[in-house]
Amino acid sequence: MNVPGNLNSSSSELDLDRPNLEDYLPSGASIQQEPDGKLHLRDLLDISPALSEAAGAIIDDSFTRCFKSNPPEPWNWNVYLFPLWCFGVAIRYFVLFPLRVLVLTIGWIIFLSAFIPVHLLLKGHDKLRKYLERCLVELICSFFVASWTGVVKYHGPRPSMRPKQVFVANHTSMIDFIILEQMTAFAVIMQKHPGWVGLLQKTILESVGCIWFNRAEAKDREIVAKKLRDHVVGPDNNPLLIFPEGTCVNNHYTVMFKKGAFELGCSVCPVAIKYNKIFVDAFWNSRKQSFTMHLLQLMTSWAVVCDVWYLEPENIRPGETPIEFAERVREIISVRAGLKMVPWDGYLKYSRPSPKHRERKQQSFAESMLRRLEEK
């Protein structure tokens with residue numbers, strides 16, 4: 001194991017991410033150093049009982065941080081700000097929220113009154129039907145964004161319908177798709193969802209060529225891969241949008257991109273999405289919150305503010321593997337959106353241990369280290 005001799009802070013962000021071990025030690029305890037003031041690496045590694053557990057006892061790991069919601073700092077708990085906060089809550093819940101529900105209801109009435117006749121009566125005119133359905137999907141997505149008082153700034157040229165191209169974006173919430181869809185009717189690849197979201201997937205969104213998969217079904221991978229290859233070569237198909245992280249990340253980090261979108265033999269168009277959390281955190285933690293509750297959270301906030309950058313198309317370079325190509329595109333998106341890259345597979349999110357189990361391992365590891373150092 002090579003240990004660099006110079007561990008000075010080459011990156012301030014890295015120092016901030018480095019956990020403080022003493023936070024996990026019993027109160028009043030501390031790490032004792034050698035008489036010469038140096039703490040040798042062997043003192044940390046020569047802990048036989050805990051060494052086998054060290055890999056599992058990751059202290060405040062960077063993987064977990066990718067999927068944590070960061071609540072805003074409280075600002076309203078004093079005698080003169082609290083009344084203003086109460087007034088703001090009353091405005092958001094009893095004025096803005098009913099108005100937003102009304103806007104969304106009107107949007108659905110307009111959409112359904114037009115979409116159902118178009119879908120049923122124009123089956124013999126596929127080109128016209130697809131064009132009208134595409135416009136109507138963009139319309140209902142615009143109503144959704146209006147129901148959050150969405151303030152979205154788009155940078156770069158609007159995507160066009162061309163064969164042999166695929167768009168890839170970082171993923172924070174299912175609203176990423178809605179925000180991008182109101183500008184251009186993308187065909188998206190997405191996990192199958194239950195409830196009313198699943199109903200929309202099977203009916204309305206299939207009209208724009210969306211592709212669904214079930215993460216638990218291994219055979220779905222081959223079926224989806226074939227559908228992707230067929231879709232990108234069709235000149236009349238809607239632009240294909242893929243979220244290669246495969247899961248929602250909290251808009252501070254990007255996890256590893258899956259290589260599927262980067263081995264289709266076509267141009268890859270990066271899309272960077274960055275949310276401003278001044279009014280609300282747009283991250284959707286699907287393990288703690290249903291999408292309905294997530295929408296209610298957005299609709300009872302002041303506004304959803306974000307920037308979207310359509311970046312220059314990228315092509316795989318000679319001698320470059322799909323995995324290297326995916327990492328290069330991920331870096332482009334991360335730099336543009338100001339996100340930090342971490343070397344984790346987002347699918348580990350669905351198999352990591354419980355927080356209580358991890359905390360017990362952390363405490364056990366810290367106490368074992370303390371005992372060993374005290375023996376010195």
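Scope of the values below: all heavy atoms of this structure, side chains included, with no hydrogens, waters or symmetry mates. Predicted model, so just to flag it, every value in this text is computed and none were measured.
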Take Lys259 and Glu320 through the test salt bridge (charged side-chain N to carboxylate O under 4.0 Å, His left out) and record every step on the way to the result. CA-CA 12 Å; Lys259 67 176 182 176; Glu320 189 176 40; over 6 Å; no
Measure the spacing between CD of Gln182 and OG of Ser142 and express it to the nearest 0.5 Å. 4.5 Å
Indicate yes or no: does Glu324 engage Arg328 in a salt bridge with an N to O separation below 4.0 Å. no
Considering all heavy atoms, the nearest Arg129-His119 contact: CD-O, 4.0 Å
Are the side chain of Arg158 and the backbone N or O of Met183 linked by a donor-acceptor pair below 3.5 Å? yes
Give, for atom CZ of Phe186 and atom CZ of Arg134, the distance between the pair rounded to the nearest 0.5 Å. 12.0 Å
For atom CZ of Phe291, is the number of surrounding heavy atoms from other residues, nucleotides or ligands below 6.0 Å larger than 12? yes
Does His125 NE2 have over 12 foreign heavy atoms under 6.0 Å away? no
With a 4.0 Å cut-off on N to O distance, would you call Asp345 and Lys258 a salt bridge? yes
Using side-chain heavy atoms (C-beta onward) and a distance below 4.5 Å, is Phe67 in contact with Arg287? no
Honestly curious: do Met299 and Val103 fall in one hydrophobic cluster under the side-chain, below-4.5 Å linking rule? yes
Heavy-atom side-chain proximity of Ile204 to Phe115 below 4.5 angstrom: yes
Donor-acceptor pair, side chain of Asp230 and main chain of Lys227, under 3.5 angstrom: no
Are Ile211 and Val268 joined in one hydrophobic group, where the rule is that I, L, V, M, F, W and Y side chains link up if heavy atoms are under 4.5 Å apart? yes
Residue among Tyr275, Trp284, Phe243 satisfying side chain to side chain contact (heavy atoms under 4.5 Å, CB included) with Thr172: Tyr275
When clusters are formed by joining ILVMFWY residues with side-chain heavy atoms under 4.5 Å apart, either directly or through shared neighbours, do Val101 and Leu139 land in the same one? yes
Report yes if some heavy atom in the side chain of Leu241 is under 4.5 Å from a heavy atom in the side chain of Leu180; otherwise report no. yes
Go through the steps for Lys130 and Glu133 under the test salt bridge (charged side-chain N to carboxylate O under 4.0 Å, His left out), then give the verdict. CA-CA 5 Å; Lys130 288 181 179 180; Glu133 287 177 344; over 6 Å; no
Go through it in stages, so that I can follow the logic: the residues are Asn315 and Ser267, the test is side chain to side chain donor-acceptor pair (under 3.5 Å), and I'd like the CA-CA distance, side-chain angles, deciding distance and then a yes or no. CA-CA 5 Å; Asn315 292 284; Ser267 298; 2.8 Å; yes
Which pair of non-hydrogen atoms, one from Ile273 and one from Asn251, has the smallest distance, and what is that distance? O-ND2, 3.2 Å
Report the relative orientation of the aromatic rings in Phe167 and Tyr310; use parallel for angles under 30°, tilted for 30 to 60°, perpendicular for over 60°. perpendicular
Within the structure provided, determine whether Leu205 and Phe177 are in side-chain contact (heavy-atom separation under 4.5 Å). yes
Say whether, by atom type as modelled, one donor and one acceptor occur between the side chain of Glu138 and the main chain of Ala185 under 3.5 angstrom. yes
Just say parallel, tilted or perpendicular for the rings of Phe144 and Trp148, cut-offs at 30° and 60°. tilted
Under a 3.5 Å threshold, yes or no: a donor from one side chain and an acceptor from the other, between Tyr253 and Glu245? no
At their closest point, which heavy atom of Lys277 faces which heavy atom of Asn250, and how far apart are they? NZ-O, 3.2 Å
Donor-acceptor contact below 3.5 Å, side chain Arg92 vs main chain Thr300: yes
Any side-chain heavy atom of Pro239 within less than 4.5 Å of one from Thr184? yes
Show your working on ring-ring contact (aromatic ring centres under 6.0 Å, His included) between Phe97 and Tyr93 and close with a plain yes or no. CA-CA 5 Å; Phe97 179 63; Tyr93 281 84; 7.1 Å; no
Expected output: side-chain Asn238 to main-chain Val208 donor-acceptor under 3.5 Å: yes
Within a strict 4.5 Å, meaning less than it, do heavy atoms of the Leu112 and Ile140 side chains meet? no
Arg100 and Thr149: side-chain donor and acceptor closer than 3.5 Å? yes
Please indicate whether Ile323 has more than 12 foreign heavy atoms, meaning atoms of other residues, nucleotides or ligands, lying under 6.0 Å from its CD1. no
When rounded to the nearest 0.5 angstrom, what distance separates NZ in Lys127 from CG in Leu132? 12.5 Å
Heavy-atom closest contact (Val233 atom, Pro163 atom, distance): O-CB, 4.1 Å
May I ask whether Ile175 and Trp108 are part of the same hydrophobic cluster, defined by side-chain heavy atoms of I, L, V, M, F, W, Y residues being less than 4.5 angstrom apart, directly or through others? yes
Does a donor on one side chain sit under 3.5 Å from an acceptor on the other, for Ser173 and His294? yes
Are the side chains of Cys135 and Tyr131 in touch, meaning some heavy atoms are under 4.5 Å apart? yes
Angle between ring planes, Phe262 versus Phe257, binned at 30° and 60°: parallel, tilted or perpendicular? parallel
Leu102 and Leu295: same hydrophobic cluster, using ILVMFWY side-chain contacts below 4.5 Å? yes
Any idea which heavy atoms bring Leu311 and Arg336 closest together, and the distance? CD2-CG, 3.9 Å
Strictly below 4.0 Å, N to O, side chains only: are Glu331 and Lys340 in salt-bridge contact? no
Quick one, Ile91 and Leu96 - any side-chain contact, counting heavy atoms below 4.5 Å? yes
Side chain of Asn237, backbone of His231: donor and acceptor closer than 3.5 Å? yes
Give the minimum heavy-atom separation between Cys269 and Gln165, together with the two atoms involved. SG-OE1, 3.9 Å
More than 12 heavy atoms from other groups under 6.0 Å of CE on Met293: no
